Protein chains: 2
Amino acid sequence: MGDEPIGEWLAQPDAREIELVKVLHALGDPVRLRLLKVYADGEQYSCAPGALGLDHLHKSTVSHHMRIMREAGVTSTRVVGRSRYVRLRRDDLDARFPGLLDALIKALP
Amino acid sequence: MGDEPIGEWLAQPDAREIELVKVLHALGDPVRLRLLKVYADGEQYSCAPGALGLDHLHKSTVSHHMRIMREAGVTSTRVVGRSRYVRLRRDDLDARFPGLLDALIKALP
DNA sequence: GGAGTTGTTTGATGTTTGTCAAACGATTCT
DNA sequence: AGAATCGTTTGACAAACATCAAACAACTCC
């Protein structure tokens, strides 16, 4: 009973090694900028295209975008069973680039 | 006498048509992010690679990057004689995406 | 007018990227 | 065990991209 499904974390850059140019490159794509909008509420989401408003994309394409976001340091991914729970690394990004995430989320179309 | 060299302006998107995803794509490149650092002081610069700390790049490559920045709405270019004077569109970007440019410039490596 | 300057444009080349499809791995359910 | 689910990995392919080189255009200076 008392055991929650904690799961493992997929590899991601250390908070201090997040590079601005990689973050901007990750977000400089229509699909991934839309993902930022999804994650902006701080909640975690699975990778299912339908759950992300990306029904027009193949699941492997979504997986590809997920990897780029994670390797850029924008998102973190927790593995529980078959599911992946992805969310914004808000604290890490705020610490590394103060004000950037807030400005970006406000600027979202 | 009283006449200053005003010159013409190269085509650029209207302030309200600047798209966030294009701005991020423009800045998600090592060379162009470095250019942002150059322009961060608000001054205008010529396109000479040497004047921009881009001595390792061919002049046509610099011209290519200039065009991407300008078409994304990041910079504006004034033509005076043989020279181009390029600078940040700080007012337009601040109006469109409040706080973004400040956060970006502070986050620059 | 001719030479030098400043940057653009076009073509070529190798790299990266976004996408899908198929195969696979791990997990969960029956 | 067998089947279904969730997501990753690999391969393939076209489009976009960064870069250089050469030709070009416009301007300035002698």
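In the text below, chain A, chain B and the rest are named by the order of the sequence lines, each starting its count at 1. No hydrogens, no waters, no symmetry mates; every other heavy atom, side chains included, goes into these values. Keep in mind the model is a prediction, meaning the values are calculated, not measured.
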Item to check | Nucleotides bounding contact with chain B, strand DNA chain C, heavy-atom threshold 4.0 Å | outcome: C:dG4 to C:dT9
Checklist entry - Can you list the steps and then say if B:Leu36 with B:Leu88 is a side-chain contact (heavy atoms from CB on, under 4.5 Å)? => result CA-CA 8 Å; B:Leu36 178 65; B:Leu88 257 190; 3.9 Å; yes
Item to check | Interatomic distance, B:Ile68 CD1 vs D:dC17 C1' [rounded to whole Å] | outcome: 7 Å
Checklist entry - How close or far is atom C1' of D:dT5 from atom CZ of A:Arg84, stated in whole angstroms? => result 12 Å
Checklist outcome for this item: B:Gly81 and B:Arg84 have their tightest heavy-atom pair at O-NH1, 4.2 Å
Checklist entry - What are the two closest heavy atoms between B:Gly73 and B:Leu93, and how far apart are they? => result O-CD2, 3.9 Å
Next on the checklist: Any non-hydrogen side-chain atom of A:Ile105 less than 4.5 Å from a side-chain atom of A:Tyr39?
Outcome noted: no
Excluding sequence neighbours, so at least two apart, what forms side chain to side chain donor-acceptor pair (under 3.5 Å) with [X]?
X	answer
A:Asp41	A:Tyr45
A:Glu43	none
A:Ser46	none
A:Arg89	A:Asp92

Checklist entry - In residues 22-30 of chain B, which ones come under 4.0 Å of DNA chain C, going by heavy atoms? => result none
Item to check | Partners passing side-chain contact (heavy atoms from CB on, under 4.5 Å) against B:Arg70 (at least two apart in sequence or in another chain) | outcome: B:Leu10, B:Gln12, B:Arg67, B:Thr75, B:Thr77
Checklist entry - Does any residue of residues 32-46 of chain A have a heavy atom under 4.0 Å from DNA chain D, and if so, which ones, in number order? => result A:Ser46
Checklist entry - If only side-chain N and O atoms of B:His65 are considered, is one of them under 4.0 Å from the OP1 or OP2 phosphate oxygen of D:dT19? => result yes
Next on the checklist: I'd like to know if the side chain of B:Arg34 reaches the main chain of B:Gly53, judged simply by a donor and an acceptor atom lying under 3.5 Å from each other, with no hydrogens or angles considered.
Outcome noted: yes
Checklist outcome for this item: For B:Phe97, the ring pair (Phe, Tyr, Trp, His ring centres under 6.0 Å) test, sequence neighbours excluded, returns none
Next on the checklist: Strictly under 4.0 angstrom, non-hydrogen atoms only: write out the protein contact profile of nucleotides 20-30 of chain D, one letter per nucleotide from the 5' end, B, S or -.
Outcome noted: BBB----BS--
Item to check | 5′-ward residue of the pair A:Val31/B:Met66 relative to DNA chain C | outcome: B:Met66
Checklist entry - Which pairs count as salt bridge (Lys or Arg N to Asp or Glu O under 4.0 Å) when at least one residue sits in residues 100-109 of chain B, sequence neighbours excluded? => result B:Arg90-B:Asp102
Item to check | Any pair counted as ring pair (Phe, Tyr, Trp, His ring centres under 6.0 Å), so long as it reaches residues 59-86 of chain B, sequence neighbours left out | outcome: none
